[in-house]
Each structure stands twice: as C-alpha cells, then as structure tokens.
Amino acid sequence: MPELPEAETLARGLRPVLPGSVIRRTRVLHDDVLRMPARRFRRDLAGRTITGVGRRAKNVVLELDRGEGVLLVNLGMTGRLVPMGFEGGPPGRPTHPAIRFGFGEGRGLVFDDTRRFGCVEVLDARDWEERSRSIGPEPLSDGWRWSRLHADLQASRTPLRNWLLDQRRVAGVGNIYANEACFRAGVRPDRPARAVEEAEARALHRGIREVLRSGIRYGGTTLRDYRNARGEPGRNQRRLRVYGREGEPCLRCGTPIQRIVFGNRSAFFCPECQR
DNA sequence: AGTGTATCCTGCAGGC
DNA sequence: TGCCTGCAGGATACAC
C-alpha cells in the first residue's frame with residue numbers, strides 16, 4: 001500500500017507530534033515484523049529520544065538521539081503508525097497492533113499492521129547510511145534528472161513497470177504510482193525499459209514527479225487501509241487515471257482501460273494512449 | 001540479467 | 001448464512 005506519498009504524508013503528520021518523546025517501554029506483540037531479535041530491538045531503543053521524523057523511499061524514519069541512529073519503519077501493505085495519547089485527536093484504536101512504544105504519561109506510538117508484511121528495525125548511523133546508499137535516488141529531489149532516468153533505463157530490458165518498482169533504481173515508487181506515471185508518459189507498462197526513448201523518458205520523469213506530488217498534495221491514496229497520523233484516509237484515489245479502472249473508459253480517449261498481469265502484479269493502461 | 005513462482009499474513013468482495 | 005476463489009499498496013528468495 002503505502003508508497004512514497006503515503007509515507008511522506010504520515011511522516012509529516014508525525015513530525016509535529018513525536019520529537020522529544022522518550023522511548024521508555026517497547027512491547028513486541030508480533031516478532032515477525034522485526035528484522036532482529038526482540039531482545040536486541042528493545043535494548044537498542046531503551047531510553048532513547050525521538051529527535052525527528054523523516055522519510056526515505058517508502059520508509060518512515062524516526063531519528064534517534066545518541067549517535068544519529070534511526071528507527072526505520074517499512075509499512076508493507078497495511079502498516080500504520082498510530083500516535084496514542086497526544087492532543088489532536090485519538091485516531092481510533094489500533095486493530096492489529098504489532099509493536100507498542102510507550103513514552104510515559106499515557107503517551108505512545110503503535111505500529112499496527114494487519115498483514116504484517118511491514119517491518120521495523122533499529123539501525124546505527126553507519127548501517128543506516130549503508131542501507132540508504134543501497135536505495136535509489138529520491139525522485140522528488142532536485143538532483144534527479146530525466147537524463148539520469150533515461151540513461152539508467154537503457155541498462156535494462158525488464159518491463160518498465162517492474163523497473164519502476166525496483167527500489168534500487170528509483171526510491172518510493174510502487175504499483176499504483178508506477179502505473180499512473182506510465183499513463184502520463186504515454187508508455188505501456190510492459191515496454192522494455194531500454195526501449196523508452198529520450199522524449200518518453202522526459203515525459204516519464206515528469207509523470208513520476210507529477211503523480212507523486214499529486215499523491216502528497218491529496219494526502220495519499222487510500223484503497224482500503226492507508227491512514228495518516230490522525231487516522232484519516234487519503235483523497236488521491238479519486239485522481240487515479242488508470243490504476244484499478246479496468247474496463248472503465250480512458251479519461252483522455254474513452255477506450256476501455258486494460259488490465260494485464262506480469263511480474264505477479266496487475267498493470268493498468270490505455271491501449272490507445274500508451275504505446 | 002531476466003522471468004515466473006512462491007512466501008510471509010489477513011481481510012474482503014463476489015459468485016454460488 | 002456459509003464456503004470458495006481471487007485479489008490486495010511490498011519485499012525477498014528460488015529455480016530456470
């Protein structure tokens with residue numbers, strides 16, 4: 001579920017709330033969301049202060065004191081972060097709590113994840129730097145240019161949609177926004193990456209940025225589970241042009257949107273507008 | 001290097 | 001109402 005815009009929206013909602021909180025207690029209800037032994041996880045977090053909230057790719061990054069370590073949260077398909085006991089409204093009780101962080105004075109944070117495909121881990125500064133380096137460029141950063149995208153695409157013949165989902169190539173793009181970006185670029189999602197021409201790479205670069213910015217502007221896309229820090233759904237789902245619209249008319253030309261499956265996942269496109 | 005497949009897990013919608 | 005199938009925003013591992 002949560003792709004870059006959803007993680008960004010969540011991080012923005014947590015930023016005014018969490019910093020300054022001291023992790024006094026960590027309860028692991030489902031250890032399968034941890035990438036490390038529960039004992040070490042709890043020990044690494046004990047007594048540490050959350051100093052900031054950021055995002056990298058689809059991850060929410062809770063920055064920690066004592067050496068710039070981070071608590072890295074990947075939301076998977078159904079993950080949520082629910083602040084508890086802060087003013088600004090109780091966002092409803094978590095239905096599938098996996099980890100509970102207690103800050104004292106009745107406050108805390110719950111990592112809630114129905115399917116538990118998400119994961120949570122603590123990394124020290126060195127490991128975090130190394131991990132971040134293994135992830136591709138942030139598509140909304142100034143440094144990410146269409147020429148780089150075009151050059152990188154030439155190195156692969158995997159289908160464009162799959163290429164976009166690979167976090168080592170570009171950060172934060174998931175199945176919804178990948179399909180939407182392909183539509184805006186007028187390129188079929190199953191076209192080999194290296195067959196994307198220069199002008200198309202420009203359009204794709206622009207399309208990726210547009211769909212991600214739209215996602216952020218409208219508070220994320222909620223198909224079912226996504227909620228921001230206040231427990232509210234996003235509004236971007238109304239702006240999707242192809243994703244989930246199989247058989248419905250293309251908003252540009254009226255041709256029925258097609259769904260095909262490859263790489264084990266659905267892809268949606270307009271056979272008329274996308275070549 | 002690429003693809004297809006399977007895995008982790010739960011819930012929901014639709015067909016009968 | 002119940003049972004079954006298929007599907008879901010992610011990430012990874014495997015055989016070929």
Side-chain angles (χ1 to χ4, degrees), chain A residues 1-11 28-36 55-60 72-81 94-99 111-121 131-132 134-136 139 152-182 189-195 208 211-212 214-216 218-228 232-247 259-268:
Chain A
M1 86 73 354
E3 306 181 30
L4 184 156
E6 291 73 36
E8 178 66 27
T9 304
L10 180 56
V28 178
L29 288 79
H30 286 286
D31 63 7
D32 51 2
V33 302
L34 298 180
R35 283 197 178 185
M36 55 173 80
R55 177 197 60 76
R56 174 84 171 99
K58 303 171 186 175
N59 303 287
V60 174
L72 190 64
V73 180
N74 184 301
L75 300 163
M77 294 278 241
T78 54
R80 298 178 187 177
L81 284 172
T95 54
H96 296 73
I99 311 281
F111 176 62
D112 186 86
D113 189 359
T114 305
R115 293 176 71 182
R116 302 203 301 283
F117 287 176
C119 64
V120 176
E121 59 191 316
R131 175 73 61 84
S132 187
S134 73
I135 304 172
D152 289 352
L153 285 166
Q154 301 314 301
S156 169
R157 24 190 196 120
T158 205
L160 177 57
R161 195 280 315 264
N162 291 4
W163 193 96
L164 292 170
L165 294 188
D166 188 337
Q167 300 300 296
R168 293 167 304 186
R169 292 165 160 149
V170 196
V173 179
N175 205 28
I176 295 177
Y177 296 100
N179 279 282
E180 293 296 312
C182 288
D190 55 352
R191 173 111 69 93
R194 62 163 56 158
I208 290 168
V211 298
L212 295 176
S214 168
I216 294 169
Y218 293 100
T221 301
T222 297
L223 297 183
R224 174 170 294 147
D225 301 286
Y226 175 71
R227 294 292 183 279
N228 67 17
E232 304 155 339
R235 303 177 312 281
N236 192 245
Q237 55 278 14
R238 294 200 286 262
R239 326 214 55 109
L240 301 179
R241 301 187 186 171
V242 286
Y243 188 87
R245 297 192 64 243
E246 181 183 19
R259 181 175 84 99
I260 57 178
V261 176
F262 58 93
N264 254 339
R265 316 190 66 179
S266 294
F268 300 87

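Labels below follow one simple rule: chain letters A, B, ... track the order of the sequence lines, proteins then strands, and each chain is numbered from 1.
- Comparing dG10(C) with dA1(B), their C1' atoms sit 22 Å apart, to the nearest whole Å.
- To the nearest angstrom, P of dG10(C) lies 15 Å from CG of Leu10(A).
- Atoms CG (Asp166(A)) and C1' (dA1(B)) sit 12 Å apart, rounded to a whole Å.
- When side chains are defined from C-beta on, Leu164(A) counts as touching Ile208(A), because their heavy atoms get closer than 4.5 Å.
- Looking only at atom types and distance, the side chain of Thr9(A) has no donor-acceptor partner in the side chain of Asn228(A) under 3.5 Å away.
- At the heavy-atom level, Arg80(A) lies nowhere under 4.0 Å from the strands shown.
- In this structure, the nucleotide among dG2(B), dG10(C), dA11(C) sitting nearest to the side chain of Arg35(A) is dA11(C).
- Mapping Gln167(A) and Arg115(A) onto DNA chain C via the closest heavy atom, the residue that lands nearer the 5' end is Arg115(A).
- Pairing analysis of DNA chain B (Watson-Crick: purine N1 to pyrimidine N3 plus N6-O4 or O6-N4; G-U wobble: N1-O2 and O6-N3; both under 3.5 Å) yields stems of 3 or more pairs at B:2-8 with C:10-16, B:10-16 with C:2-8.
- Atoms OH (Tyr243(A)) and P (dC7(C)) sit 12 Å apart, rounded to a whole Å.
- In this structure, Phe111(A) places its CZ atom 11 Å from C1' of dG10(C), rounding to the nearest Å.
- Between the CG atom of Asn162(A) and the P atom of dA1(B) there is a distance of 16 Å, rounded to whole Å.
- Considering only the side chain of Thr114(A), dG11(B) comes nearest among dG11(B), dA8(C), dT3(B).
- Heavy-atom nearest nucleotides on DNA chain B were determined for Arg116(A) and for Asn264(A), and the one closer to the 5' end corresponds to Asn264(A).
- For the pair Arg161(A) and Phe262(A), the cation-pi test (distance below 6.0 Å, angle within 45°) is passed.
- Judged by closest nucleotide on DNA chain B, Phe117(A) is the one of Arg224(A) and Phe117(A) placed further toward the 5' end.
- For the pair Arg239(A) and Tyr218(A), the cation-pi criterion (under 6.0 Å, within 45° of the ring axis) is fulfilled.
- Between Arg227(A) and Pro233(A) the shortest side-chain heavy-atom distance falls below 4.5 Å.
- If you measure from atom CG of Asp113(A) to atom C1' of dC8(B), you get 11 Å, rounded to the nearest angstrom.
- For the pair Asp152(A) CG and dA1(B) C1', the interatomic distance rounds to 16 Å; values are reported in whole Å.
- Across the P atoms, dC3(C) and dC9(B) are found 23 Å apart, a figure rounded to whole Å.
- Contact between the side-chain N/O atoms of Thr78(A) and the OP1/OP2 oxygens of dA8(C) is not found at any separation under 4.0 Å.
- Among the heavy atoms of the strands, none lies under 4.0 Å from Arg168(A).
- As judged by a 4.0 angstrom heavy-atom cut-off over every strand, Asn74(A) is placed among residues touching the sugar-phosphate backbone only.
- Of the candidate nucleotides dG11(B), dG2(B), dG10(C), dG11(B) has the atom lying nearest to any side-chain atom of His96(A).
- Nucleic acid contact class of Pro192(A) (heavy atoms, under 4.0 Å, all strands): none.
- Whole-Å rounding puts the Gln237(A) CD to dA8(C) P distance at 17 Å.
- Taking only side-chain atoms of Arg259(A), from C-beta outward, the nucleotide of dC7(C), dG2(B), dA11(C) with the closest atom is dC7(C).
- No side-chain donor-acceptor contact under 3.5 Å links Thr78(A) and Asp225(A).
- Side-chain contact between Glu180(A) and Arg241(A) is present, with heavy atoms from C-beta onward closer than 4.5 Å.
- Considering only heavy atoms from C-beta on, Val28(A) comes within 4.5 Å of Leu34(A) through its side chain.
- OP1 or OP2 of dT3(B) sits under 4.0 Å from a side-chain N or O of Thr158(A).
- Asp152(A) is not listed as a side-chain neighbour of Arg169(A), based on a closest heavy-atom distance of 4.5 Å or more.
- Arg265(A) has a side-chain polar atom (N or O) that falls below the 4.0 Å cut-off from OP1 or OP2 of dG10(C).
- Nucleic acid contact for Phe262(A): none, since no nucleic acid atom lies under 4.0 Å from a heavy atom of the residue.
- If you check every strand for non-hydrogen atoms under 4.0 Å, Thr222(A) touches a base.
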